[in-house]
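None of the values given here were measured: they were computed from a predicted structure.
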Amino acid sequence: MATRKPPAAAPAAPSRQRLSAAEREQHITREAVRFFADIGFGGDTRELAKRLGVTQSLLYKYFPNKEALINRVFDEVYLGRWNPFWESVIRDRQIPLQERLTRHYVEYAKAALTRDWVRIFMFSGLRGEDINRKYLAILRQRILEPIAIELRHEFGLPPTSEQPLTTAEVELVWGINARVFYFGQRQWIFDVPVEASLDTLIALTIEHFLAGAKVVLPRLLAAPQPRQ
C-alpha cells in the first residue's frame, strides 16, 4: 500500500516590503501624478491617501500641504522629464532648420503628449494653478525664443543684437507648440485619437509653418514696432 504524502505546505504570503523614506516619498509622488491626472486638482488628499493605503497624517509627513504636493508633481512631470536634447538640436546649425525643428518636436512629443502631462496641464489651467505659468515661462525662454532666433538666421534677417525679438515673433512660434499639443488634447481630453502617424503630422506641421514664416516674418520685422 502506497504511503500517502502529506499535503504540500501553502506558500508563505509575501511580507509587505518596508520602504525607505526616499522610496516612500517617490511612491507618493508617482501616485499623486496619476491621481491628479485622473480627477484634477480638486481631488482631496484624503482620497489620495486612501489610494496609497496610508493615513493622511503620513501623507502630510512628506508633504505638509496640498500646495507642496502639487509643486512636487510639477517637478516630477515637467522638470523631471525635460530633455536637454530639445534645446541643443534647435541651435545646431550644422543641421537644416526644418530637420532640427522636426527632430525637436518629435522628441518633445514623446514627453509632452503623454496622458499625465496633457491632463495635469489642462486641469492646472482650469484651476488657476502655477504649473502652467511656471512651465510656459521655461518653455518660452529655452525653446520658443531660440527658435525665433534661428528663424531670423535661416531667412537672413537682422540678428537680435541689431533688432530685439518682438512679442509677435514669439507668438508666431507658439503656433507650432499649440498645433503639436493639440494632438495630445485630442487623445487625452476629447478622446479622439490621432489616426495618422504622429511623426508624419509633426513633419507636415513644421513644413507648413516654415513656408508661412518665410513670407510673414520679413514683413513683420519691417513693420514699425510699437514703443515698449
Side-chain angles (χ1 to χ4, degrees), residues 77-122 125 131-190 192-223 225:
V77 177
Y78 298 98
L79 300 186
R81 301 180 192 177
W82 187 274
N83 187 346
F85 173 80
W86 301 343
E87 299 177 64
S88 63
V89 73
I90 289 171
R91 294 180 170 88
D92 188 352
R93 291 181 178 173
Q94 296 184 25
I95 304 171
L97 182 59
Q98 182 170 332
E99 181 181 344
R100 279 184 270 162
L101 295 184
T102 301
R103 289 172 62 180
H104 161 75
Y105 278 104
V106 164
E107 291 302 313
Y108 179 76
K110 292 176 182 178
L113 303 192
T114 56
R115 181 180 187 275
D116 51 6
W117 183 299
V118 171
R119 289 179 63 84
I120 288 174
F121 198 79
M122 298 300 292
I131 283 178
N132 300 66
R133 287 185 287 272
K134 290 190 292 186
Y135 176 72
L136 293 179
I138 294 170
L139 187 71
R140 175 173 180 145
Q141 179 186 11
R142 298 187 185 180
I143 302 299
L144 305 183
E145 290 180 357
I147 289 176
I149 290 170
E150 294 307 310
L151 285 171
R152 286 199 187 186
H153 181 268
E154 177 75 5
F155 301 137
L157 298 170
T160 54
S161 58
E162 298 177 12
Q163 189 173 349
L165 278 180
T166 65
T167 300
E169 288 177 85
V170 179
E171 287 294 334
L172 193 66
V173 180
W174 270 116
I176 312 176
N177 264 75
R179 170 67 173 163
V180 171
F181 190 66
Y182 178 67
F183 297 139
Q185 288 178 297
R186 278 177 55 179
Q187 180 167 3
W188 302 118
I189 305 297
F190 308 135
V192 183
V194 175
E195 297 180 3
S197 161
L198 184 58
D199 289 4
T200 299
L201 291 176
I202 289 174
L204 289 173
T205 296
I206 299 302
E207 184 178 3
H208 178 265
F209 171 82
L210 288 175
K214 186 175 182 179
V215 175
V216 172
L217 194 55
R219 189 166 69 234
L220 184 65
L221 292 182
Q225 300 300 316

Could you give the distance from [atom1] ([X]) to [atom2] ([Y]), rounded to the nearest 0.5 Å?
X	Y	atom1	atom2	result
Thr160	Ile149	OG1	CD1	4.5 Å
Ile138	Leu79	CD1	CG	5.0 Å
Leu136	Ile131	CG	CD1	11.0 Å
Leu144	Ile176	CG	CD1	8.5 Å
Ile120	Asn132	CD1	CG	11.0 Å

Report task. State, with a plain yes or no, whether a side-chain heavy atom of Ile143 is found less than 4.5 Å away from one of Val173. Result -> no
Query raised in the report: Can you find a heavy atom in the side chain of Leu151 that is under 4.5 Å from one in the side chain of Leu97?
Result: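 Contact flag for Leu151/Leu97 side chains = yes.
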**Report entry** Summary of side-chain hydrogen bond (donor to acceptor under 3.5 Å, both in side chains) pairs that have at least one residue in residues 134-144, sequence neighbours excluded
**Finding:** Asn71-Lys134, Tyr108-Tyr135, Arg140-Glu145
**Report entry** Pairs touching residues 192-202 that satisfy side-chain hydrogen bond (donor to acceptor under 3.5 Å, both in side chains), sequence neighbours left out
**Finding:** Ser197-Thr200
Would you mind writing out the side-chain donor-acceptor pairs for residues 204-216 within the sub-3.5 Å range, not counting sequence neighbours?
unit_1: Thr205; atom_1: OG1; unit_2: Leu201; atom_2: O; d: 2.8

Query - ring-ring contact (aromatic ring centres under 6.0 Å, His included) contacts touching residues 146-179 (sequence neighbours left out) - result: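 Qualifying pairs, neighbours excluded: none.
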side-chain hydrogen bond (donor to acceptor under 3.5 Å, both in side chains) with [X]: which residues, sequence neighbours excluded?
X	result
Tyr78	none
Arg133	Asp130
Gln185	none
Gln187	none

For [X] versus [Y], what's the shortest heavy-atom pair and its separation?
X	Y	answer
Ala148	Leu165	CB-CD2, 3.8 Å
Ala112	Val118	O-CG2, 3.3 Å
Leu198	Ala109	CD2-CB, 4.1 Å

Extract all donor-acceptor atom pairs below 3.5 Å that involve side chains of residues 177-184 and protein atoms in other chains or at least two apart in sequence.
unit_1: Asn177; atom_1: OD1; unit_2: Tyr105; atom_2: OH; d: 2.5

Query raised in the report: Could you give all pairs that pass the salt bridge (Lys or Arg N to Asp or Glu O under 4.0 Å) test and reach residues 153-176, with sequence neighbours left out?
Result: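 Sorted pair list: Arg152-Glu169.
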Report task. Sequence neighbours left out, what pairs pass salt bridge (Lys or Arg N to Asp or Glu O under 4.0 Å) with at least one residue falling in residues 96-107? Result ->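 For residues 96-107, and leaving out neighbouring residues, the salt bridge (Lys or Arg N to Asp or Glu O under 4.0 Å) pairs sorted by first residue read Glu99-Arg103, Arg100-Glu150, Glu107-Lys110.
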Table please: side-chain donor-acceptor pairs of residues 80-87 below 3.5 Å, with sequence neighbours left out.
unit_1: Arg81; atom_1: NH1; unit_2: Asp116; atom_2: OD1; d: 3.0
unit_1: Arg81; atom_1: NH1; unit_2: Asp116; atom_2: OD2; d: 3.2
unit_1: Arg81; atom_1: NH2; unit_2: Asp116; atom_2: OD2; d: 2.8
unit_1: Trp82; atom_1: NE1; unit_2: Glu87; atom_2: OE2; d: 2.8
unit_1: Asn83; atom_1: OD1; unit_2: Phe85; atom_2: N; d: 3.0

